[in-house]
There are 2 protein chains.
Amino acid sequence: MTDQNSTLRARRRAQTRRTIQTHAVRLFSERGYDATTMNDVAEAAGVSPMTVYRHFATKEDLVLVDQHGELVAERIVASPAGGPLVRRIGGALIEAATVLTGDADRRLLLARLQLMISTPALRARHLDNQYALQQAVIGALGDDAADPDTAFQAQAAASACLAALHTALVRWAEDDGRTDLPHLIGKALAAVFGDDAIGPAR
Amino acid sequence: MTDQNSTLRARRRAQTRRTIQTHAVRLFSERGYDATTMNDVAEAAGVSPMTVYRHFATKEDLVLVDQHGELVAERIVASPAGGPLVRRIGGALIEAATVLTGDADRRLLLARLQLMISTPALRARHLDNQYALQQAVIGALGDDAADPDTAFQAQAAASACLAALHTALVRWAEDDGRTDLPHLIGKALAAVFGDDAIGPAR
DNA sequence: CCGGTCATGATAGTCACTACCAACTTGGTA
DNA sequence: TACCAAGTTGGTAGTGACTATCATGACCGG
């Protein structure tokens, strides 16, 4: 089992995975999420239904899978430990958004976001994902949140930051991605915490 | 179809509905949510599975249904229109919590909350319910949110308030309801917006 | 006592999702 | 080259949530 071997397999696997997801998002956008069955997705992608389930545990995952949480957590760890909580978290969110919206498959990201917002089941799962992201943020804050009272305040601050992020994401999706996402996030954070809490205006 | 007539029927209907929900929450807490089927619930409540579906559209609704949103919206409408957004919203949340935790079926409320937090599917739906509550809050704010920029800021502020609320609810459930919920909400809001943003300390 | 309305029940079906098992492809090895 | 081993895929048969449809029974007013 050479490194190159496993790399080749992993690459092929990632390829079919992307094929399946692309077809799925396209079908969901065209016909609607509920009106599209897993069999439809499998057929469109040219694989068996079983294979779809091998790559995506649930139908929701076809739209929602992403681990951008790591991206945010990294930035938080990298930020100066002394600063105020909301500035550290908010800054990390803006930086992560800058990276992601510069990405090549920005359009896929946008399509997935729009599906999330319009489909109740997906929206619910997405909000739960943000909840998980919140836990990651808390973890990235490290020992600062040792005592329960501090932890409680960190929880509250992180969840509020993510709520602002979500507001910005919705607005961005409504605008079809025309507005600058990092700028929107900054505005949402400012609306919550005050204009001076986040940092120099962009 | 006299008023008294329909009232009688409605009362009986509400009765069976409560019976079903009580048994459902008990079974979920005892055996776990996923390990309990709708048939189990129906059998425990002494009705047919169909009847369960008549009263609760989905399995999740057996735990989640509540329309406390109206309660909050009322308080917002009643609050002085001039004040800062987060104070209006935060105050309404605290008042609503004060009413609810004084309620007779506080224990049922607590059991449902603990189920929500521990079961991923329920937690996701609950967060989506909060999203709906957020829309209600925006609506209650009235014409203040006419222009899109103001609306955006109101969205961000409301979602942050509800995020703080959620943090407080989780903490309350973890404490088995021993801590004063309105007090917790106040602390969470203070952690997000600053100690002086909410109002006189409780 | 009759007629309409509402709650309930039973049946059959769709669809997401899960084991379980068989077959094939692929890359490294004797 | 022939073979082995591991990973990937496919088929089958199930469970369980949820829906549509129709039939039945309880109740209240006339």
Side-chain angles (χ1 to χ4, degrees), chain A residues 1-21 23-25 27-28 31-65 115 119-125 128, chain B residues 1-21 23-25 27-28 31-65 115 119-125 128:
Chain A
M1 203 188 295
T2 321
D3 267 15
Q4 218 184 12
N5 170 10
S6 64
T7 304
L8 278 176
R9 292 211 163 160
R11 200 170 306 174
R12 258 208 319 262
R13 199 182 154 79
Q15 174 58 32
T16 62
R17 184 189 167 94
R18 265 189 48 183
T19 305
I20 293 173
Q21 190 182 37
H23 282 282
V25 171
L27 289 180
F28 292 161
R31 313 182 192 170
Y33 179 78
D34 291 326
T36 307
T37 74
M38 290 297 262
N39 284 357
D40 294 339
V41 173
E43 198 176 351
V47 295
S48 86
M50 279 305 305
T51 304
V52 178
Y53 282 112
R54 288 262 162 57
H55 286 269
F56 299 90
T58 71
K59 187 180 180 182
E60 295 162 351
D61 283 340
L62 282 167
V63 181
L64 295 171
V65 259
L115 269 175
T119 309
L122 291 176
R123 190 178 51 225
R125 266 285 304 260
D128 197 47
Chain B
M1 208 189 291
T2 319
D3 267 15
Q4 216 185 13
N5 172 8
S6 63
T7 304
L8 277 176
R9 292 209 162 163
R11 199 169 307 174
R12 257 209 318 262
R13 200 181 153 77
Q15 174 58 32
T16 63
R17 185 188 165 94
R18 265 189 48 182
T19 304
I20 293 173
Q21 190 182 37
H23 282 282
V25 171
L27 287 180
F28 292 160
R31 312 181 192 173
Y33 179 78
D34 291 326
T36 308
T37 73
M38 291 297 262
N39 283 359
D40 294 340
V41 174
E43 197 177 350
V47 295
S48 86
M50 278 306 305
T51 304
V52 178
Y53 282 112
R54 288 260 164 57
H55 286 270
F56 299 90
T58 71
K59 188 180 179 182
E60 294 162 351
D61 282 340
L62 282 166
V63 180
L64 295 170
V65 261
L115 270 174
T119 309
L122 291 176
R123 189 179 50 224
R125 266 284 306 260
D128 196 48

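This structure is a prediction, so every number in the text was calculated from the model and none was measured. So you know, we letter chains A, B, ... as the sequences are listed, proteins then strands, and number each from 1. Both backbone and side-chain heavy atoms feed into the values below; hydrogens, waters and symmetry mates do not.
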To the nearest 0.5 Å, what is the distance between [atom1] ([X]) and [atom2] ([Y])?
X	Y	atom1	atom2	result
B:I20	B:Q15	CD1	CD	10.5 Å
A:E60	A:T119	CD	OG1	10.0 Å
A:Q21	A:L64	CD	CG	9.5 Å

Without decimals, in angstroms, what is the distance between [X] [atom1] and [N] [atom2]?
X	N	atom1	atom2	answer
A:D34	D:dT19	CG	C1'	13 Å
B:D40	D:dT15	CG	P	14 Å
A:L62	C:dC17	CG	P	9 Å
A:Y53	D:dT8	OH	C1'	18 Å
A:N39	C:dC17	CG	P	12 Å
B:R17	C:dC6	CZ	C1'	17 Å
B:M50	D:dC22	CE	P	14 Å
B:R11	D:dA26	CZ	C1'	18 Å

Is the phosphate of D:dT9, meaning OP1 or OP2, less than 4.0 Å from a side-chain N or O of A:H55?
yes
Would you name the heavy atoms of B:V41 and B:A24 that are closest together and state the gap between them?
CG1-CB, 3.8 Å
For a quick test of reading the model, state the closest non-hydrogen atom pair linking A:D61 to A:R125 and the distance between them.
OD1-NH2, 2.8 Å
N/O donor-acceptor pair, side chain B:R54 with base C:dG9, under 3.5 angstrom:
yes
Which sits closer to the 5' end of DNA chain D, A:R13 or B:T36, going by the nucleotide each is nearest to?
A:R13
By the 4.0 Å heavy-atom rule, please label B:M38 as base, sugar-phosphate, or nothing.
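Here B:M38 touches the backbone only, sparing every base.
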Choose from C:dT8, D:dT12, C:dC17 the nucleotide whose nearest atom is closest to any side-chain atom of B:T51.
C:dT8
Out of C:dT26, D:dC18, D:dG11, whichever nucleotide has its closest atom nearest the side chain of A:R12:
C:dT26
Using heavy atoms to find the nearest nucleotide of DNA chain C for A:K59 and B:P49 separately, return the residue whose nucleotide is more 5′.
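Its nearest nucleotide lies further toward 5', so the answer is B:P49.
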